[in-house]
Amino acid sequence: MNLGQIRAELQALADPAIAAHSARFFRTGPGEYGEGDRFLGIRVPRVRALAKRCGDLSLARVAGLLRSRWHEERLLAVIILAGKFDRASADERGRIAEFYLAHTDRVNNWDLVDTSAHRIVGPWLQDRPRGLLRDLARSDSLWERRIAVMATYHFIRQGDFGDTLDLCALLLDDDQDLIHKVCGWMLREVAKRDRTVAEAFLRQHHARLPRTMLRYAIEKFPEPLRRSYLSGTWD
């Protein structure tokens, strides 16, 4: 499929009512994190279904999708990239990861990050030095900081929590709620696998822990324990 055909299919699926809802949900108003983002109004399962038919799309054409003003075209692009990465050889994975990291300015909303970072950046860094994650976490870009944390979900699934904990500590004073949320989410994933490790982090940093990060991290704790963390009265 060429870009014209792909865009025609997306336009045919567009729904103005869904687009209006998405514009509100993804905070596209002045001064909000998604300011200026535009939506066709297409449900994610339909975008994923199209991605399955576009798996062989060249990186040059994926770049065309990433440059789009339409959110769903960029979403399609990152879903295609993640699928290509899954199927790729080691050399091809390197090219895909480098392409992704060269276009982080277009992976510019939280769903785009959450769909792709742990499927591309995380696996690519599996057997490589992970200083890149710290560089991304120190970026002025909200989305690069979120990519850094989200990428560690790949390691969490393997019982490797160190990078997640280091990045969450680094980002305790971040001024963006979306960073607090993703850090809390990843801490919750750590807790599912080893609550002792997660609790050690929470207790060490409790005085500085953003409330949103804490709430996300302890969401699945037993209710009495959850209340004790919220009130700071654990034993």
Novice: Sequence neighbours left out, what passes side-chain contact (heavy atoms from CB on, under 4.5 Å) with T196? Give chain and number order.
Specialist: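 With sequence neighbours excluded, T196 shows a side-chain contact (heavy atoms from CB on, under 4.5 Å) to D194, given in chain and number order.
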Novice: Tell me, with the steps shown, if K192 and E189 meet salt bridge (charged side-chain N to carboxylate O under 4.0 Å, His left out).
Specialist: CA-CA 5 Å; K192 287 180 183 177; E189 293 298 327; 3.0 Å; yes
Novice: Sequence neighbours left out, what passes side-chain hydrogen bond (donor to acceptor under 3.5 Å, both in side chains) with D160? Give chain and number order.
Specialist: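 side-chain hydrogen bond (donor to acceptor under 3.5 Å, both in side chains) list for D160, sorted by chain: R130.
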Novice: Check this for me, if you would: do R53 and E9 make a salt bridge, where the nitrogen-to-carboxylate-oxygen distance has to be below 4.0 angstrom?
Specialist: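 Salt bridge between R53 and E9, a charged N being under 4.0 Å from a carboxylate O: yes.
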Novice: According to the ring pair (Phe, Tyr, Trp, His ring centres under 6.0 Å) rule, which pairs have a member within residues 79-102, sequence neighbours left out?
Specialist: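 For residues 79-102, and leaving out neighbouring residues, the ring pair (Phe, Tyr, Trp, His ring centres under 6.0 Å) pairs sorted by first residue read F99-H103.
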Novice: Run the salt-bridge test on K181 and D177 with the 4.0 Å N-O cut-off and return the result as yes or no.
Specialist: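 Answer for the salt bridge query: yes.
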Novice: Excluding sequence neighbours, so at least two apart, what forms ring pair (Phe, Tyr, Trp, His ring centres under 6.0 Å) with H154?
Specialist: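 Residues passing ring pair (Phe, Tyr, Trp, His ring centres under 6.0 Å) with H154: none at all.
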Novice: Quick one about D163 and T152 (side-chain donor to acceptor, distance below 3.5 Å, no hydrogens or angles considered), yes or no?
Specialist: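 No, because no side-chain N or O of T152 sits under 3.5 Å from a partner of the opposite role on D163.
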Novice: For W124 and L132, run side-chain contact (heavy atoms from CB on, under 4.5 Å): C-alpha distance rounded to whole Å, both residues' side-chain angles, the deciding distance at 0.1 Å, then the answer.
Specialist: CA-CA 11 Å; W124 186 59; L132 171 66; 4.1 Å; yes
Novice: What residues, two or more places apart in sequence or in another chain, satisfy ring pair (Phe, Tyr, Trp, His ring centres under 6.0 Å) together with F221?
Specialist: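 Expected list: Y229.
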Novice: Any pair with a residue in residues 31-40 that passes side-chain hydrogen bond (donor to acceptor under 3.5 Å, both in side chains), sequence neighbours left out, goes on the list, sorted by first then second residue, please.
Specialist: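 Every side-chain hydrogen bond (donor to acceptor under 3.5 Å, both in side chains) pair that includes a residue of residues 31-40, provided the two are not neighbours, is Y33-W110, D37-H71, D37-R74, D37-N109.
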Novice: Are V197 and L165 close enough that some pair of their side-chain heavy atoms sits under 4.5 Å apart?
Specialist: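 A side-chain contact under 4.5 Å exists here.
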Novice: Ignoring hydrogens, what is the shortest heavy-atom contact between L3 and G64? Give both atom names and the distance.
Specialist: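 Minimum heavy-atom contact is CD1-CA, 4.0 Å.
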Novice: Taking only residues two or more places apart in sequence or in another chain, which ones pass side-chain contact (heavy atoms from CB on, under 4.5 Å) with S231?
Specialist: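 Partners of S231 by the side-chain contact (heavy atoms from CB on, under 4.5 Å) criterion, ordered by chain and then number, come out as T233.
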Novice: Please identify each residue that fulfils ring pair (Phe, Tyr, Trp, His ring centres under 6.0 Å) with F201, with sequence neighbours left out.
Specialist: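 H205.
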Novice: Per the side-chain hydrogen bond (donor to acceptor under 3.5 Å, both in side chains) rule, what does the pair list look like for residues 14-25, sequence neighbours excluded?
Specialist: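 side-chain hydrogen bond (donor to acceptor under 3.5 Å, both in side chains) check on residues 14-25 returns no pairs.
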Novice: Using side-chain hydrogen bond (donor to acceptor under 3.5 Å, both in side chains) as the criterion, list what pairs up with E219, not counting sequence neighbours.
Specialist: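 Residues passing side-chain hydrogen bond (donor to acceptor under 3.5 Å, both in side chains) with E219: R188.
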Novice: Check whether any side-chain heavy atom of W185 sits under 4.5 Å from a side-chain heavy atom of M150, and report yes or no.
Specialist: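 Answer yes - side chains close enough.
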Novice: Apply side-chain contact (heavy atoms from CB on, under 4.5 Å) to residues R134 and D166 and explain how you reach the verdict.
Specialist: CA-CA 9 Å; R134 279 74 185 166; D166 288 349; 3.0 Å; yes
Novice: For a quick test of reading the model, state the closest non-hydrogen atom pair linking A217 to L187 and the distance between them.
Specialist: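 For A217 versus L187, the nearest heavy atoms are CB-CB, 3.8 Å.
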Novice: Tell me, please, which residues at least two apart from Y216 pass ring pair (Phe, Tyr, Trp, His ring centres under 6.0 Å).
Specialist: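 Expected list: none.
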Novice: Honestly curious: do I18 and I42 fall in one hydrophobic cluster under the side-chain, below-4.5 Å linking rule?
Specialist: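 Shared cluster, no.
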Novice: With sequence neighbours left out, what residues match D56 under side-chain hydrogen bond (donor to acceptor under 3.5 Å, both in side chains)?
Specialist: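 With neighbours one apart ignored, the set is empty.
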